[in-house]
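Right, one structure below, let's go through it.
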Amino acid sequence: MRAVSLDFEHRLVVENEVPPPPAPASGQALLRIVETGLCATDRELARFRFGEPPPGESTLILGHEALAQVVEVNGGGLQPGEWVVPMIRRPCPSFCPSCAARRRDLCRTGLYLERGINRSHGYFTEFAVDPIEDLVAIPADLLDVAILIEPLSVVEKAIDTAFRAQPLPPRTAIVAGAGPVGILTALALLVRGIGTTVISLEPEDHPRVQLLRKAGVNYLRGQNPQPADLVFEASGGDLELLPWVASQGVLVLIGAAEHDLVVQPLRMLIDNLTIAGIVNAGPAHFEMAVRDLSAIPRPLLQAMIERRSFSDLRRSLRESSSTPKLVHRI
Ligand SMILES: [Zn+2]
Ligand SMILES: [Zn+2]
């Protein structure tokens with residue numbers, strides 16, 4: 001079957017033939033991959049900034065955000081024909097307490113596998129086999145936007161973390177960044193009735209800004225905002241974020257910024273501030289994502305997605321797009 005893979009030996013992205021997966025063992029399902037989403041992680045992988053092929057192999061099939069249809073099931077819990085989104089991480093070899101409790105997002109050894117990223121093949125190919133417990137069933141009426149569930153699951157973990165750290169229900173939020181994660185964060189906050197401002201660098205007539213305005217989100221182009229109860233960093237940029245956090249507030253880091261964060265210990269203490277970092281998501285966050293996806297106005301979600309063909313992937317990895325989420329049909 002055809003695939004798009006990273007060739008670690010020659011440091012190239014290649015379209016290659018790979019063997020089909022084995023028949024599903026007990027507790028596994030065979031999936032037909034329908035589409036995969038592209039994100040900043042894939043672009044970094046294509047630059048060989050991180051990522052690792054499976055042990056003993058020199059190539060890694062790309063694609064960690066996938067929508068698939070169940071072809072065959074060996075065990076209970078799913079039926080052939082059902083639609084699923086796979087969770088990305090698989091447990092570490094020592095099955096640490098977090099991995100054993102299905103919270104691979106909180107793995108304590110760091111030796112977890114990640115499909116399409118670390119030591120496990122991804123979904124940019126025709127078929128895959130996965131444990132049934134790592135698949136999230138999707139209602140058929142969400143299919144046109146279901147590819148957003150994986151990035152939204154990370155957003156849900158960020159919002160869940162922020163809400164747990166805040167003693168009172170938050171009223172206002174700031175999201176730094178208007179990429180897919182920033183926009184999804186703003187939309188998920190609006191569903192919760194939180195007044196949300198997005199700060200980014202796109203000009204007013206940019207499609208992403210128009211989408212945010214249509215949703216009812218405030219937009220500031222590179223200006224300093226009024227402080228808010230919650231601040232989400234989804235830009236990966238070099239921003240002074242703590243002054244934006246109101247007293248008793250929470251700063252959640254989702255974007256992988258590489259600069260240092262300036263912290264004023266006295267202000268953090270007096271204002272009871274919390275800083276949290278999050279990555280990946282647990283099963284409950286995927287369920288929250290499915291719920292929120294139904295609640296967010298569908299045209300806004302549809303406007304986030306641009307679909308391309310299988311052979312467009314290598315071009316998509318090189319060029320950016322004004323549409324937040326590029327999706328490739330398999
Ligand atoms: Zn991703
Ligand atoms: Zn683990």
Side-chain angles (χ1 to χ4, degrees), residues 4 6 13 33-47 49-52 60-68 85-125 128 131 133-134 136 145-158 177-185 188 232-236 253-257 277-283 285-286 289 293 301 304-308 313 316-317 320-321 323-328 330:
V4 175
L6 297 179
V13 181
I33 312 302
V34 178
E35 51 188 35
T36 66
L38 179 73
C39 77
T41 300
D42 297 296
R43 294 184 199 279
E44 294 292 291
L45 283 164
R47 290 188 196 104
R49 297 277 302 270
F50 52 80
E52 212 181 302
L60 172 78
I61 302 174
L62 274 169
H64 56 278
E65 302 175 7
L67 171 66
V85 166
M87 293 186 273
I88 295 170
R89 283 195 184 174
R90 303 291 170 263
C92 63
S94 57
F95 237 76
C96 76
S98 297
C99 285
R102 293 185 75 213
R103 289 302 305 270
R104 288 85 191 253
D105 59 312
L106 305 177
C107 176
R108 295 181 187 193
T109 67
L111 299 173
Y112 51 79
L113 311 181
E114 286 179 319
R115 295 211 60 156
I117 304 173
N118 278 313
R119 300 178 290 278
S120 178
H121 285 302
Y123 301 104
F124 211 97
T125 188
E133 68 163 13
D134 292 322
V136 182
V145 291
I147 197 66
L148 297 172
I149 284 174
E150 192 285 325
L152 185 54
S153 72
V154 181
V155 166
E156 300 290 356
K157 181 173 170 181
V181 170
I183 293 173
L184 285 172
T185 306
F232 296 88
E233 203 311 289
S235 73
L253 306 171
I254 322 175
I278 69 115
V279 71
N280 206 253
H285 306 121
F286 277 84
L293 213 59
L301 296 170
M304 287 186 67
I305 298 171
E306 179 185 330
R307 287 190 166 79
R308 295 182 174 181
L313 178 69
S316 303
L317 283 166
S320 60
S321 166
T323 313
K325 179 56 78 178
L326 293 182
V327 173
H328 294 80
I330 300 298

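For reference, positions follow the sequence shown, starting with 1. Atoms within a ligand are numbered from 1 in the order they appear, just like the ligands themselves.
Expressed to the nearest 0.5 Å, how far OH of Y123 lies from CD of E35 amounts to 15.0 Å. For the atom pair CZ of R89 and SG of C107, the computed distance is 7.0 Å after rounding to the nearest 0.5 Å. In this structure, CD1 in I278 is found 8.0 Å from NE2 in H285, a value given to the nearest 0.5 Å.
An angle of 110° is found at the Zn ion (ligand 2) between C92 atom SG and C96 atom SG, rounded to 10°.
With sequence neighbours left out, S120 forms a side chain to side chain contact (heavy atoms under 4.5 Å, CB included) with L113, R115.
Listed here is the closest heavy atom pair of Y112 and R119: O-NH2, 2.6 Å. Listed here is the closest heavy atom pair of V181 and V155: O-CG2, 3.7 Å.
Protein N, O or S atom count below 2.8 Å of the Zn ion (ligand 1): the structure gives 3.
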